[in-house]
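Order of the sequence lines fixes the chain letters, A, B, ..., with proteins taken first and strands second; residue numbering starts at 1 for each chain.
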Amino acid sequence: GESVGLHLPTLSVQEGDNSIINCAYSNSASDYFIWYKQESGKGPQFIIDIRSNMDKRQGQRVTVLLNKTVKHLSLQIAATQPGDSAVYFCAEIPNTGNQFYFGTGTSLTVIP
Amino acid sequence: DTGVSQDPRHKITKRGQNVTFRCDPISEHNRLYWYRQTLGQGPEFLTYFQNEAQLEKSRLLSDRFSAERPKGSFSTLEIQRTEQGDSAMYLCASSLAGALTDTQYFGPGTRLTVL
């Protein structure tokens, strides 16, 4: 299967600071990537997506950056809030099918 | 609530019993996916349907696992002769094929505990 990994399993940030969560992927043919947020006891929640023909995409307080040269994806959260505490997964979707490949996840803890 | 729903939310069963989980996708979505998630790991793809057709099932963990979507709406995932290793969260997701983005929206999951 595909290999999608995260650099850091845990991240702690102070409330109000910016957070950066990183993800490495292995399939250079992947053309679609999604970041999901998963709170304890709940299913993953869509945050933001990006296609391989883009380098950057912004949402509300979140930005996803894609570096295809090094096969790296990052999620930036501005002015992190306690409600942002969760596990964040990146998902990679190869252009050969509809299967999503998820990494292990990064646990973000926001310190009030 | 028009999101993906799953039933039951929790299931405790004894080893060797059969269990069945139900997923109701977002109503206009034609694709439905099943995943398994163990603690600390990302969701692991199992199978998916487009309408009533099961287009991918090679990732089902064993022949004890089966899924159906008989009318192209709700789906069921059945695990026969459960084992302790089947204990996990079973997630369902749905998407709309042909949309600009085929984003999958997840349900809350069914947590299975096999004693």
Side-chain angles (χ1 to χ4, degrees), chain A residues 1-10 21 23-27 30-54 57 59 64 66 73 75 86-108, chain B residues 1 3-7 9-10 21 23-26 29-51 53-61 88-111 113:
Chain A
E2 305 300 331
S3 174
V4 180
L6 297 176
H7 293 308
L8 296 172
T10 62
I21 300 171
C23 177
Y25 64 95
S26 61
N27 188 346
S30 291
D31 64 355
Y32 185 43
F33 304 87
I34 301 179
W35 280 100
Y36 284 91
K37 171 187 179 183
Q38 188 172 25
E39 296 173 282
S40 180
K42 298 182 179 179
Q45 176 187 359
F46 172 88
I47 300 175
I48 191 168
D49 59 358
I50 189 167
R51 290 213 172 268
S52 59
N53 60 354
M54 303 172 67
R57 191 164 188 219
V64 54
L66 176 62
L73 194 68
L75 176 70
V87 177
Y88 289 81
F89 294 97
C90 66
E92 167 190 16
I93 300 86
N95 58 10
T96 55
N98 298 300
Q99 295 183 28
F100 281 28
Y101 294 93
F102 287 82
T104 302
T106 292
S107 177
L108 174 66
Chain B
D1 187 349
V4 179
S5 62
Q6 293 186 245
D7 183 71
R9 294 292 307 277
H10 303 274
F21 309 140
C23 171
D24 287 88
I26 293 172
H29 283 183
N30 52 6
R31 284 189 177 158
L32 186 149
Y33 306 78
W34 284 101
Y35 291 82
R36 183 179 78 157
Q37 186 177 28
T38 53
L39 193 63
Q41 300 296 313
E44 176 187 10
F45 172 83
L46 296 177
T47 188
Y48 91 99
F49 295 84
Q50 179 153 327
N51 300 313
Q54 191 171 13
L55 298 186
E56 176 60 64
K57 57 181 179 180
S58 64
R59 296 296 188 105
L60 286 169
L61 301 166
M89 175 78 85
Y90 290 85
L91 293 164
C92 174
S94 70
S95 69
L96 180 61
L100 188 62
T101 59
D102 192 17
T103 301
Q104 295 182 17
Y105 295 89
F106 284 82
T110 294
R111 181 166 295 284
T113 301

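- For the pair A:Pro44 and B:Leu91, the tightest heavy-atom approach, listed with the atom from each and the gap, is CD-CD1, 3.8 Å.
- Using a 4.5 Å cut-off between heavy atoms, B:Arg9 contacts chain A through its side chain alone, with no backbone atom that close.
- Of the atoms belonging to B:Gln37, it is side-chain heavy atoms, and not backbone ones, that fall under 4.5 Å from chain A.
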Problem - CA sep, side-chain torsions, deciding dist, call: B:Tyr35, A:Phe102, ring pair (Phe, Tyr, Trp, His ring centres under 6.0 Å) - result: CA-CA 11 Å; B:Tyr35 291 82; A:Phe102 287 82; 5.8 Å; yes
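- Atom CZ of residue A:Phe100 and atom CZ of residue B:Phe45 lie 10.5 Å apart, to the nearest 0.5 angstrom.
- To the nearest 0.5 Å, the span separating OG1 on B:Thr103 from CD1 on A:Ile48 amounts to 11.0 Å.
- Interface residue B:Gln41: backbone and side-chain heavy atoms are both found under 4.5 Å from chain A.
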Practice task
Take A:Phe46 and B:Tyr105 through the test side chain to side chain contact (heavy atoms under 4.5 Å, CB included) and record every step on the way to the result.
Solution key: CA-CA 7 Å; A:Phe46 172 88; B:Tyr105 295 89; 4.2 Å; yes
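- The ring of A:Tyr36 has its center closer than 6.0 angstrom to the ring center of B:Phe106.
- Proximity to chain B (any heavy atom under 4.5 Å) is restricted, for A:Gln38, to the side chain, taken from C-beta onward.
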